[in-house]
Amino acid sequence: MRWTNSALRILKKRYSTKGAKYVAKRTNHPVYSVVAKANSIGLHSGTLRRWNQFEVNYLLKNYTIKPVDSIARSIKRSQSSVENKARQLKIYVPKPRKWSEEELSLLRKLWTDKRFSIDEVAAKLNKTRAASHYKAWKMGLRRPQVWHLWTKEETRYLRKNFKKKSYTEIAKDLGMTKLAVFHKAIKIGLRLRQAPRPWTEADDEYIRQNYKKIPTREIAQKLNRSLDGIINRAGPLGISDKNRGHGPKAKKVTKN
């Protein structure tokens with residue numbers, strides 16, 4: 001809300017003797033707005049203690065990491081004074097919405113369930129990860145142990161089923177997370193590979209026509225295949241030549 005001439009007259013006349021609250025009530029401006037406007041035009045209230053540089057520096061350093069009441073106690077000021085100064089310095093953060101009983105109940109249920117990650121819990125609660133973690137800590141909740149040494153039986157089950165079931169299904173059967181199953185599968189060499197792209201008649205014909213005319217690398221690039229794939233395919237097609245080069249600078253082989 002803009003400051004009118006009449007509101008400014010009240011501010012200039014009453015601020016130094018009556019204080020910010022009096023002016024705020026008379027002008028319908030918030031207290032922090034009154035203080036900020038007074039500071040901008042060089043007015044000082046006799047009822048308010050001016051902030052010194054040490055206090056400002058302390059507030060800037062600790063506002064995001066300490067509660068407002070803790071900062072207020074440290075510099076011997078009221079919480080409202082600290083919040084008003086934070087607004088003036090443009091670092092003010094509104095107080096977070098209080099947790100409802102339903103949210104607290106859901107947090108208790110999800111936090112101890114190892115099927116849900118912290119990010120998933122936070123998403124279901126529509127809270128930030130940090131807020132969920134801090135609230136769980138304040139409530140004395142502890143996350144379940146997710147990582148553990150795999151038993152021989154669990155490893156055998158993974159080896160037997162990794163091609164039949166999804167990682168999610170295996171994780172559910174073993175009472176683990178999908179991520180734990182995924183990492184274990186990689187560690188023991190059970191990486192799933194995509195089925196190779198089948199060779200078409202057009203691919204084979206292109207290889208027949210060009211295999212002994214241009215470098216194999218160019219054929220591979222043209223067909224979007226690997227170099228080894230072209231070489232291995234040339235054998236069954238009956239056009240393999242062990243003496244020819246495969247690089248871009250392949251030398252021509254001549255007979256004596």
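Here, residue 1 is the first one in the sequence, and each next residue gets the next number. Heavy-atom basis, side chains included; hydrogens, waters and symmetry copies ignored.
- In this structure, the side chains of V82 and Q79 stay at 4.5 Å or more apart for every pair of heavy atoms.
- In terms of modelled atom types and a separation under 3.5 Å, the side chain of D203 and the main chain of T200 share a donor-acceptor contact.
- Within the 4.5 Å cutoff, side-chain heavy atoms of W150 are placed close to those of L174.
- To the nearest 0.5 angstrom, E201 atom CD is 15.5 Å from Y206 atom OH.
- In this structure the side chain of T27 never reaches within 4.5 angstrom of the side chain of T4, judged on heavy atoms.
- Residues R156 and R159 have side chains not in contact (no heavy-atom distance under 4.5 Å, counting atoms from C-beta outward).
- Figure legend: cation-pi geometry between R77 and W51, with NZ or CZ positioned under 6.0 Å from the six-membered ring centre and within 45° of its axis.
- With a 4.5 Å cut-off on side-chain heavy atoms, Y58 and K66 count as touching.
- Both the sub-6.0 Å distance and the 45° axial angle are not jointly satisfied by R142 relative to the ring of W111.
- Applying the side chain to side chain donor-acceptor pair (under 3.5 Å) test to S40 and every residue at least two apart in sequence or in another chain returns nothing.
- Within the 4.5 Å cutoff, the side chain of K124 has heavy atoms near those of the F116 side chain.
- In this structure, the separation between CG on L141 and OG on S132 is 11.0 Å, given to the nearest 0.5 Å.
- Looking at Y32 and R87, their side chains never bring a donor and an acceptor atom within 3.5 Å of each other.
- Between V23 and V31, the closest side-chain pair of non-hydrogen atoms is not below 4.5 Å.
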Stepwise salt bridge (Lys or Arg N to Asp or Glu O under 4.0 Å) check, D69 with R73: CA-CA 6 Å; D69 58 345; R73 288 194 300 271; 3.7 Å; yes
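- When E102, E103, E101 are each tested for a side chain to side chain contact (heavy atoms under 4.5 Å, CB included) with W99, only one passes: E103.
- Between I231 and Y211, the closest heavy-atom pair is CA-OH, 4.2 Å.
- Considering only heavy atoms from C-beta on, E218 stays 4.5 Å or farther from K222 through its side chain.
- Across every non-hydrogen atom of R208 and I239, the tightest pair is CA-CD1, 3.8 Å.
- Note that CZ of R225 is 12.0 Å distant from CG of N232, once rounded to the nearest 0.5 Å.
- Q209 pairs by the side chain to side chain donor-acceptor pair (under 3.5 Å) definition with E205, not counting sequence neighbours.
- Looking at S74, its side chain does come within 3.5 Å of a backbone N or O of S70 through a donor-acceptor pair.
- Here the side chain of N62 pairs no donor or acceptor atom with the backbone of I65 at under 3.5 angstrom.
- The number of heavy-atom neighbours closer than 6.0 Å to CG of N57, taken from other residues, nucleotides and ligands shown, is above 12.
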